[in-house]
Amino acid sequence: MHILVTGGAGYIGSATAAYFLRNGHEVAVYDNLSRGHRAAVPAQARFIQGDIGDRSALEVLFQSFQFDAVVHFAALIEAGESMQQPGKYIQNNIAYSAVLLDVMLAHEVRKLVFSSTAAVYAAKDAPLREEDPLQPANLYGETKLMIEKMIGWYAQLKGLRFAYPALLQCLRCHAG
Ligand SMILES: NC(=O)c1ccc[n+]([C@@H]2O[C@H](COP(=O)([O-])OP(=O)(O)OC[C@H]3O[C@@H](n4cnc5c(N)ncnc54)[C@H](O)[C@@H]3O)[C@@H](O)[C@H]2O)c1
């Protein structure tokens, strides 16, 4: 498969890109380097520096390459910062993910893996379970929950196929 990894210069995205390459896939990494590092991107991956909020750049990207799937890691991820700078998190995570989804679907790329977070659940001391209440304790978790909901609506209305592994032991999946 030809896989677009957003946020692929970050901690998890770069390791995931390397995993895909080891398993014979073609990988393009798209990252604005606001938090990630160019050196973390595997050498065999194509790297494109850009922002998921930049619709024109995404249009060019999806016109230039035929992706089979998108794995979406690009986000701001600090719970404390999200409470100090709410607008930044709402824009970068929610609004910009909407741009990405819109451009993907316009180019008929319908397979998405979304990197959500355990922070969508109410905090508790025991291990989390999938059926636990969705009740984020911070805005970071709330942005991820809102993106999950947005993805759900795109699945229902536009045929998007998705998975968002919020927890290792839980894969909430719409196989479609
Ligand atoms: N690290 C964890 O423990 C953890 C746990 C659960 C979920 N996640 C999720 O996994 C994903 C990756 O987390 P990470 O720990 O690798 O974070 P990270 O900060 O290392 O990586 C995020 C990457 O996204 C890029 N980015 C941010 N906004 C962007 C934008 N608008 N356009 C393009 N690129 C942008 C950053 O430059 C960075 O390289 C995040 O979505 C996070 O919510 C992480």
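As the structure lists them, so they are numbered: ligands from 1, and atoms in each ligand from 1.
Both the backbone and the side chain of Asn32 come within contact range of ligand 1, each with a heavy atom under 4.0 Å. Under 4.0 angstrom from ligand 1, the non-hydrogen atoms of Leu33 all belong to its backbone. Under 4.0 Å from ligand 1, not a single heavy atom of Ala118 appears.
Checked against the 6.0 Å centroid threshold, Phe67 and Phe62 count as a close aromatic pair.
The ligand atoms of ligand 1 that sit less than 4.0 angstrom from a heavy atom of Ile52 are 30 (C), 31 (N), 32 (N), 33 (C). Ligand-side atoms of ligand 1 in range of Gly36: 36 (C), 37 (O), 38 (C), 39 (O), range being under 4.0 angstrom from any heavy atom.
Side chain of Lys158 to backbone of Trp153: no donor-acceptor contact under 3.5 angstrom is found.
The shortest heavy-atom distance from Gly50 to ligand 1 is under 4.0 Å. In this structure, Ser34 counts as a contact residue of ligand 1, since one of its heavy atoms falls inside 4.0 Å of the ligand. Heavy-atom distances between Ser116 and ligand 1 reach below 4.0 Å in at least one pair.
A donor-acceptor contact closer than 3.5 angstrom links the side chains of Tyr96 and Gln91. Side-chain atoms of Ser97 and His72 include a donor-acceptor pair closer than 3.5 Å. Judged by distance alone, the side chains of His107 and Gln66 never bring a donor and an acceptor atom under 3.5 Å apart.
You'll find the side chain of Arg35 stays beyond 4.5 Å of the side chain of Tyr11, heavy atoms only. Between Val71 and Thr6, every side-chain heavy-atom pair lies at or beyond the 4.5 Å cut-off. Looking at Phe73 and Thr16, their side chains come closer than 4.5 Å, going by heavy atoms from C-beta outward.
Of the listed residues (Leu100, Ile77, Val99), the one carrying the non-hydrogen atom nearest atom 42 (C) of ligand 1 is Ile77. Looking at Tyr96, Phe73, Tyr140 and measuring to atom 43 (O) of ligand 1, the nearest heavy atom belongs to Tyr140. Distances from atom 16 (O) of ligand 1 to the heavy atoms of Ile48, Ile12, Thr117 put Ile12 nearest.
The shortest N or O to N or O distance between Gly10 and ligand 1 is under 3.5 Å. Residue Lys144 has at least one N or O atom closer than 3.5 Å to an N or O atom of ligand 1.
Tyr89 and Tyr140 have perpendicular rings, their planes meeting at more than 60° on a 0 to 90° scale where under 30° would count as parallel.
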